[in-house]
There are 2 protein chains.
Amino acid sequence: MKEEFRLDNQLCFRLYTASRLLTQAYNPLLSAHGLTYPQYLVLLVLWENDAQPVNDIAKRLCLETNTVTPLVQRMEKQGIVTRAKGTNDARQIIVSLTDKGQQLQTALTDVPFAVGGAIACKSLTPETVPALFQTLDDVIAQLKKSLKRDT
Amino acid sequence: MKEEFRLDNQLCFRLYTASRLLTQAYNPLLSAHGLTYPQYLVLLVLWENDAQPVNDIAKRLCLETNTVTPLVQRMEKQGIVTRAKGTNDARQIIVSLTDKGQQLQTALTDVPFAVGGAIACKSLTPETVPALFQTLDDVIAQLKKSLKRDT
DNA sequence: TACTTTTGTATCGCGAACGATATAAATAAC
DNA sequence: GTTATTTATATCGTTCGCGATACAAAAGTA
């Protein structure tokens, strides 16, 4: 059994597991408002900048448009966002928050704190978190480059 | 716009993105052999310990059995593993590697190196990686505790 | 022994993710 | 100005991931 194949030596498995479990921690908080985690991400994007085309949302979340399109369509059905043809570019679909979508920000105020509580551990301190963020950002940037190259 | 809602302050979004992109880096290497990343994880588990019940595989990967069952069924169809009723406990399904499943380890020898190359960046050094692993393991352990509590 | 509870898999349904493909609008090339 | 190419979404098919549920085998209890 080669060392490189040991599950405990895999960065990807750790990221995969941490991501899934942390998403699960969000779940009860979000589903109480009829939301999924990816839908919450779309809300975070729109709360920062309302009225964006599908493509911009996808780029911001590093997702493909064929993931974002049905995601946003479901959110439209729930009355959280509206989808309207772009005026400058008729190909674009501009996604905007409805009042309900705006108000969700207030309803979800305590979500970041609740999740922060669920994840709090001695490895996550005001001193270590910035380094962790930096590392993950670096890895993400590097992967974007690598994945772009062999397209 | 509250600071806690900024996408750039979210640990979960970073983990989610890093996990997805790193999985994408595995994809061309694995799909060349008809494998997906979760199937590769099952292989890693079985290469470490062959002939395990579905439940043990699921626990090792922090997945539910209703995710692993169909995953393993697909691998059985591909002739990578076999599924047999347990002898001690007739409820268990013991998943074992076929010859083809064993041989895949040789065929995939260079996967860890190729992925290592795709992800190599200045934030990942022999000095920093252990700390990163430790932090992620800590976060995962903490989340397991938190998620178990409110069941 | 009979009855209840727990445990191990499996099935179902839905929402992601994403590769492949389609379509219309915008842009570039000629 | 017509044709070719690129760009922005959308649709389709497959595989996860997981909550809810079903069911049989095992373990515990009366």
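Below, chains carry the letters A, B, ... as their sequence lines are ordered, and counting in each starts from 1.
Proximity of a side-chain donor or acceptor of B:Lys100 to a complementary backbone N or O of B:Gln78 within less than 3.5 Å is detected. Without hydrogens or angle criteria, B:Thr109 side chain to B:Thr106 main chain gives a donor-acceptor distance under 3.5 Å. No donor-acceptor pair closer than 3.5 Å links the side chain of A:Arg91 to the backbone N or O of A:Gly86. One N or O on the side chain of B:Thr98 and one on the backbone of B:Ile80 form a donor-acceptor pair closer than 3.5 Å. A distance-only check finds no donor-acceptor pair linking the side chain of B:Arg14 to the backbone of A:Thr135 [under 3.5 Å].
Atom NZ in B:Lys77 sits about 15 Å away from atom C1' in D:dC16, given to the nearest Å. Here D:dT21 presents its C1' atom at 14 Å from CD of B:Glu64, a figure rounded to the nearest Å. Straight-line distance from the CZ atom of B:Arg60 to the P atom of C:dG8: 18 Å, rounded to whole Å. Atom P of nucleotide D:dT15 and atom CG of B:Leu30 are separated by 15 Å, given to the nearest angstrom. When the C1' atom of C:dA16 is taken as reference, atom CG of A:Leu35 falls 14 Å away, rounded to whole Å. The CG atom of B:Leu63 sits 6 Å away from the P atom of D:dG17 (whole-angstrom rounding). If you measure from atom CD of B:Gln39 to atom P of D:dT15, you get 8 Å, rounded to the nearest angstrom. In this structure, the CG atom of A:Leu41 is 8 Å from the P atom of C:dA17, given to the nearest Å.
Map A:Pro38 and A:Thr87 each onto its nearest nucleotide of DNA chain C; the residue landing nearer the 5' end is A:Pro38. Judged by closest nucleotide on DNA chain C, A:Thr36 is the one of A:Thr36 and A:Asn88 placed further toward the 5' end.
For B:Arg20 and C:dC18, the shortest distance from a side-chain N or O to OP1 or OP2 is below 4.0 Å. A close approach under 4.0 Å does occur between a side-chain nitrogen or oxygen of B:Tyr16 and OP1 or OP2 of C:dA17. Considering only side-chain N and O atoms, A:Tyr37 lies nowhere under 4.0 angstrom from the phosphate OP1 or OP2 of C:dG15.
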* Contact letters for nucleotides 1-14 of chain D, in which S counts primed atoms plus P, OP1 and OP2 and B counts the base, heavy atoms under 4.0 Å -> ------BSBSB---
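Distances from the side chain of A:Gln24 to the nucleotides D:dA26, C:dA16, D:dC18 place D:dC18 closest. Among D:dA25, D:dG17, C:dC18, the nucleotide with an atom closest to any side-chain atom of B:Thr67 is D:dG17.
With 3.5 Å as the limit, one finds no donor-acceptor pair spanning the side chains of B:Asn9 and B:Glu4.
Under the side-chain contact (heavy atoms from CB on, under 4.5 Å) test applied with B:Phe13, the options A:Leu61, A:Leu44, A:Leu22 reduce to a single match, A:Leu61.
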